[in-house]
Chemist: 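Let me begin by handing over the structure; questions about it come next.
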Amino acid sequence: RPSHPSPPPPGLPIVGNATQIDPVAQRRSFSDFADKYGEVYRLHLPGKRTVVFVNSHRLVDEMCDEKRFAKIPSGVLEEIRNGVHDGLFTAKPGEENWGIAHRVLMPAYVCSRTFGPMSIRGMFEEMHDISTQMALKFARYGPSTPIPASDDFTRLALDTLALCSMGFRFNSFYAKELHPMVEAMGNFLVASGKRPGRVLPSFFYRAEDAKYWEDIEVLRNTAQEVLEARKRHPDGRKDLLNAMLNGVDPKTGKHMSDTSIIDNLITFLIAGHETTSGTLSFAFYRLLKNPDAYRKLQNEVDEVVGKGPITVEHISKLPYVTAVLRETLRLDSPISIFGVTSLEDQLLAGRYPVAKGESCGLFLARSHLDPAVWGDDAHDFKPERMLDEPFNKLPKNAWKPFGNGARACIGRPFAMQEAVLALAMLFQNFNFVMHDPTYNLAIKQTLTIKPDNFFMRAIIRDGLS
Ligand code: HEM
């Protein structure tokens, strides 16, 4: 007789386990549950919803089978969907606009990495422009000013995305105040994270709701202005906005609608900024705690890039820098959990029943530590295990920071090029130290996770290159 994925944590009537999930530190709550209940457990949430969480590689591997499980946005993603509808990140299976946008943008992102009308390589100069702004800011901080790593990497990621995707400059490294769109997006994401955990009747949230819809309007109006300006003054930029305006879906022959373009412009900013900035912040934390890896990375940068300007050709010649990022994404996946829905009544590992339509969470913060794949030193930061040779031979679905299958991250090559460039440029020009040498990793959670209160200092090496 099949056993339940349980015992489930004991909960309360009506709200189930909802009150046991820390709304500002969900990852910690899920880790605590994993410690207590093992590789699989089921949570009961208000509205008779249940979610089956899996924490081991073998069960994550099963849930990556797209014939058995599919992404159907729920929880936080459903709230974000209020702002960006059937954009790529929040679309439901079978929605036509997802298919059109996916087919129009996928070649831009993946196939034409090196050739074609719009390639990630082609965005290098603009990425370099924003990275240089950050390096200059670090130089001006001087050696004794604490640098709020996550804040500056968020500026880097947002400005890079806005410039490379729609030719728009937020100028976050110069402006005192955040651009209104950036502020609205921050508020919108925090509110989207909180809304699914509500336990009181909607009446109590009227003021919050009004602000939430106001922020959505700011986001959409700004994206619409950018779109209309481009239509009024078409240019030959090889960016995502032009790819969306001019691209034709090879399957249906259709163009993307204006609404779908606006949905996806905002989607790129949402999906791409915290994730990339979190990755860079965690990478610095890990490197500062692991002097051996720090030295190896800087030696590689010195050997490959030397003292001259970093170019696009250098990016693929920095295997250790890439390995540092992969290992960071294993230990500290900014999206530490992603969701799928069961397409049928089925058993996991031949014994844990999951019902058709039931929500499931793939908890990477645990499956990425599974000793069956990563060994007894799974908790240690060892970039060597992520050099191409071992990395390419990892078991299927062992490393999933970019999600799965058709719904995997479309921005992966973009994010990797940007992050390799930023690491290489910064280590070429600076030495780094932890501002507080006793600092130990604390996590701040919004839609993604990032190090909380992590400050470092940058000491210039011998003049900026
Ligand atoms: C999807 C991670 C950077 C755009 C995803 C998913 C993950 C992810 C886990 C799947 C989410 C799910 O299944 O619900 C990351 C990480 C990044 C990163 C770790 C940085 C290190 C970016 C960037 C962009 C981007 C820079 C945009 C340029 C998207 C989009 C989707 C997505 C549009 C939805 C794809 C679809 O469903 O068709 N990302 N992402 N991401 N990401 Fe990223």
Side-chain angles (χ1 to χ4, degrees), residues 60 63-64 66 69-78 80-81 84 86-93 95 97-106 108-110 118 120 123 127 153-154 156-166 239-241 243-244 260 263-283 322 324-326 328-341 359-365 367-368 397 399-423 447-450:
V60 163
M63 285 193 178
C64 287
E66 293 173 282
F69 296 90
K71 171 172 170 177
I72 302 179
S74 62
V76 182
L77 286 189
E78 227 174 342
I80 294 178
R81 199 178 145 92
V84 293
D86 52 5
L88 284 167
F89 197 49
T90 44
K92 297 179 181 171
E95 282 185 321
N97 282 334
W98 179 85
I100 298 175
H102 181 78
R103 287 184 293 270
V104 165
L105 288 166
M106 202 60 185
Y109 260 123
V110 178
M118 197 209 67
I120 301 301
M123 294 178 178
M127 287 186 178
F153 291 135
T154 299
L156 172 83
L158 265 176
D159 282 26
T160 303
L161 270 167
L163 184 59
C164 295
S165 62
M166 47 183 154
D239 64 13
L240 285 177
L241 179 50
M244 292 195 284
S260 176
D263 289 337
N264 282 299
L265 283 177
I266 303 169
T267 292
F268 295 134
L269 294 181
I270 289 175
H273 84 284
E274 282 193 2
T275 42
T276 311
S277 103
T279 304
L280 281 167
S281 311
F282 284 120
T322 303
V324 161
L325 289 165
R326 288 174 181 159
T328 302
L329 285 162
R330 178 180 74 83
L331 286 176
D332 310 298
S333 278
I335 298 191
S336 46
I337 188 162
F338 65 93
V340 292
T341 299
S359 299
C360 305
L362 294 79
F363 192 44
L364 303 181
S367 70
H368 280 177
N397 298 318
W399 185 80
K400 300 300 286 182
F402 290 104
N404 187 50
R407 302 305 299 270
C409 181
I410 204 171
R412 177 172 167 176
F414 183 103
M416 288 303 284
Q417 179 172 295
E418 178 186 351
V420 170
L421 167 61
L423 274 179
L447 174 64
T448 62
I449 57 161
K450 59 182 76 151

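Whatever order the structure lists them in is the order used to number ligands and atoms, beginning at 1. Basis for what follows: all heavy atoms, side chains included, without hydrogens, waters or symmetry-related copies.
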Chemist: Just by distance, do the side chain of His368 and the backbone of Lys400 share a donor-acceptor pair under 3.5 Å?
Modeler: yes
Chemist: Distance from Met416 atom CE to Arg326 atom CZ, nearest 0.5 Å?
Modeler: 6.0 Å
Chemist: Using a 4.0 Å cutoff against the non-hydrogen atoms of Ala408, which atoms of ligand 1 qualify?
Modeler: 35 (C)
Chemist: Check this for me - ligand 1, Lys71, N or O atoms closer than 3.5 angstrom, yes or no?
Modeler: yes
Chemist: Just to be sure I'm reading this right: ignoring hydrogens, which of Gly278, Pro334, Cys409 gets closest to atom 5 (C) of ligand 1? Compare them by their nearest heavy atoms.
Modeler: Cys409
Chemist: Just jot down the ligand 1 atoms closer than 4.0 angstrom to any heavy atom of Trp98, in number order.
Modeler: 36 (C), 37 (O), 38 (O)
Chemist: Report, in ascending order of atom number, the atoms of ligand 1 lying under 4.0 Å from any heavy atom of Gly272.
Modeler: 22 (C), 23 (C), 24 (C), 26 (C)
Chemist: Which heavy atom of Ile120 sits nearest a heavy atom of Phe414, and at what distance?
Modeler: CG2-CA, 3.9 Å
Chemist: Using a 4.0 Å cut-off to any heavy atom of Thr279, which atoms of ligand 1 qualify?
Modeler: 21 (C)
Chemist: Side chain, backbone, both or neither: which part of Asn264 has a heavy atom under 4.0 Å from ligand 1?
Modeler: neither
Chemist: Going by distance only, is there an N or O of Arg407 that falls short of 3.5 Å from an N or O of ligand 1?
Modeler: yes
Chemist: Within the 4.5 Å heavy-atom criterion, are Ile72 and Pro93 side-chain neighbours or not?
Modeler: yes
Chemist: Any nitrogen or oxygen of Leu88 lying under 3.5 Å from a nitrogen or oxygen in ligand 1? Just yes or no.
Modeler: yes
Chemist: Search all heavy atoms of Ala422 against all heavy atoms of Leu280 and return the closest pair with its distance.
Modeler: CB-CD1, 4.1 Å
Chemist: Do any nitrogen or oxygen atoms of Lys400 lie less than 3.5 angstrom from nitrogen or oxygen atoms of ligand 1?
Modeler: no
Chemist: Ser333 and Leu329: which non-hydrogen atoms are nearest, and at how many Å?
Modeler: OG-O, 2.6 Å
Chemist: May I ask you to list the atoms of ligand 1 that are less than 4.0 angstrom from any heavy atom of Ile410?
Modeler: 30 (C), 33 (C)
Chemist: Could you tell me whether a side-chain N or O of His273 sits under 3.5 Å from a main-chain N or O of Leu269, the two making a donor and an acceptor?
Modeler: yes
Chemist: Below a 4.0 angstrom heavy-atom separation, can you tell me which part of Ala271, side chain or backbone, both or neither, approaches ligand 1?
Modeler: both
Chemist: Which is it for Pro73 and ligand 1 at heavy atoms under 4.0 Å: side chain, backbone, both or neither?
Modeler: neither
Chemist: Check Thr276 against Ala415 and note the closest heavy-atom contact, atom names and distance.
Modeler: OG1-CB, 4.0 Å
Chemist: Strictly under 4.0 Å, does any heavy atom of Ala157 approach an atom of ligand 1?
Modeler: no
Chemist: If you look at every heavy atom in Phe89 and Arg407, which pair is closest and at what distance?
Modeler: O-NH2, 3.6 Å
Chemist: List the atom of Arg81, the atom of Asp86, and the distance in Å for their closest heavy-atom pair.
Modeler: NH1-CA, 4.0 Å
Chemist: Where does Phe89 meet ligand 1, judged by heavy-atom distances below 4.0 Å: at the side chain, the backbone, both, or neither?
Modeler: both
Chemist: Report, in ascending order of atom number, the atoms of ligand 1 lying under 4.0 Å from any heavy atom of Phe414.
Modeler: 26 (C)
